[in-house]
Amino acid sequence: MLKNKTAIVTGSTSGIGLSIAKTLASLGANITINGFGDKVQIEEIRLNIEKEYKVKVKYADADMTDSTQIAKMIDDTIDHFNSIDILVNNAGIQYVAPIEEFPENKWNDIIAINLSSAFHTIRHSIKYMKKQNWGRIINIASSHGLVGSPQKAAYVAAKHGIVGLTKVVALEIAKQNITCNAICPGWVLTNLVEKQIEALSKDKNISISQAKMDLIAEKQPSLRFVQPEHIGEFIKLLCSDAGLSINGSALSIDGGWVAI
Ligand code: NAD
């Protein structure tokens, strides 16, 4: 379905991003993966995706806080693969603290990685999508792009911001074969959430498994974690011909979180 297409997935060395990269590769797309981690492990990830799905995979070590490195990642992808067809803005971090104690550097990092990086990737890649008159931009927001939670000032602000950015880009490209949507997942069991489970277990002096249950019961009526693969499957639909009429939406995959 995506043979001869190229996808960039930011923050794809682990968690949701890695799962999305694999789904897109399984559909035949060549991929630029990006994110931090152990260089040997990242090279293993790169080679494994190439081998398993018979596609080409390039690694870009661009730091999503740096607009120059982001522009270089886009240019290098074009030099290497000749097109950018699918852009998934997924890189993200979390920090939890009451607003009066929220460190300024954590605010700045979260806004840069979870929001501004998408502004930079989109503005640098959209000209290629316009030229080829085909493109899919998918911004990984969160339930926190639609509703708030205490102690997550920067994350909630960034995720609401990316939902707004999604709408503006969608309107600007509406007449072309390009779409821009946000996906708003609920809890997915990744590194980002495991850190919050560990903190909860310590704070309340409860076991990790109890903390996991408490965390999910507070927000997610399904009482199940969203599987990363479910997000990839949804992106498959957005990348299909049937996805052409879905534009500017904030699409919840959250086990009912925002229905309450
Ligand atoms: P994760 O920690 O497993 O993955 C985050 C990825 O971003 C990693 O590859 C990491 O290396 C990369 N990254 C971090 N800082 C970076 C930087 N400065 N430059 C480049 N890459 C950087 O977490 P995840 O849960 O898979 O999160 C992926 C996205 O999904 C995030 O945007 C997150 O906000 C969003 N999300 C997660 C959940 C959840 O429950 N896990 C829910 C809703 C939304």
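Values below: all heavy atoms of this structure, side chains included; hydrogens, waters and symmetry mates excluded. Given the structure is predicted, the values throughout are model-derived calculations rather than measurements.
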For residues 19-39, tabulate all N or O donor-acceptor pairs below 3.5 Å that involve a side-chain atom, not counting sequence neighbours.
| from | atom 1 | to | atom 2 | distance (Å) |
| --- | --- | --- | --- | --- |
| T23 | OG1 | S19 | O | 3.1 |
| S26 | OG | T23 | O | 2.6 |
| N30 | OD1 | K56 | N | 2.8 |
| T32 | OG1 | T77 | OG1 | 2.9 |
| N34 | OD1 | G11 | N | 2.9 |
| N34 | ND2 | A60 | O | 3.1 |
| N34 | ND2 | A62 | O | 2.8 |
| D38 | OD2 | V40 | N | 3.2 |
| D38 | OD2 | Q41 | N | 2.9 |

Are more than 12 heavy atoms, taken from residues, nucleotides or ligands other than [X], located less than 6.0 Å from that residue's [atom1] atom?
| X | atom1 | result |
| --- | --- | --- |
| N105 | CG | yes |
| M1 | CE | yes |
| N133 | CG | yes |
| K127 | NZ | yes |

Completion exercise
For residues 211-238, the salt bridge (Lys or Arg N to Asp or Glu O under 4.0 Å) pairs (sequence neighbours left out) are K204-D214
Exercise for the section: Return the set of residues passing salt bridge (charged side-chain N to carboxylate O under 4.0 Å, His left out) with E43 (not counting sequence neighbours), or none when no residue passes. Expected result: R46
Are [X] and [Y] connected in the hydrophobic side-chain network, where two residues link if heavy atoms are under 4.5 Å apart?
| X | Y | value |
| --- | --- | --- |
| I111 | I93 | yes |
| V57 | L47 | no |
| V188 | V193 | no |
| Y59 | V9 | yes |

Problem - Worked check of side-chain contact (heavy atoms from CB on, under 4.5 Å) between I16 and L192 - result: CA-CA 10 Å; I16 296 170; L192 186 140; over 6 Å; no
Practice task
Using modelled atom types only, decide if a donor and an acceptor are shared between the side chain of S142 and the backbone of C184 within a distance under 3.5 Å.
Solution key: no
Fill in the blank from the handout: Residue set satisfying side chain to side chain donor-acceptor pair (under 3.5 Å) with T6, at least two apart, ordered chain then number -> S83
Exercise for the section: Scan residues 209-260 for pairs that pass ring pair (Phe, Tyr, Trp, His ring centres under 6.0 Å), counting only residues two or more places apart or in two chains. Expected result: H144-W257, W187-W257
Fill in the blank from the handout: So the ring pair (Phe, Tyr, Trp, His ring centres under 6.0 Å) pairs with at least one residue in residues 61-88 (sequence neighbours excluded) are none
Practice task
Measure the shortest side-chain to side-chain distance between D85 and R136 over non-hydrogen atoms and say whether it is less than 4.5 angstrom.
Solution key: no
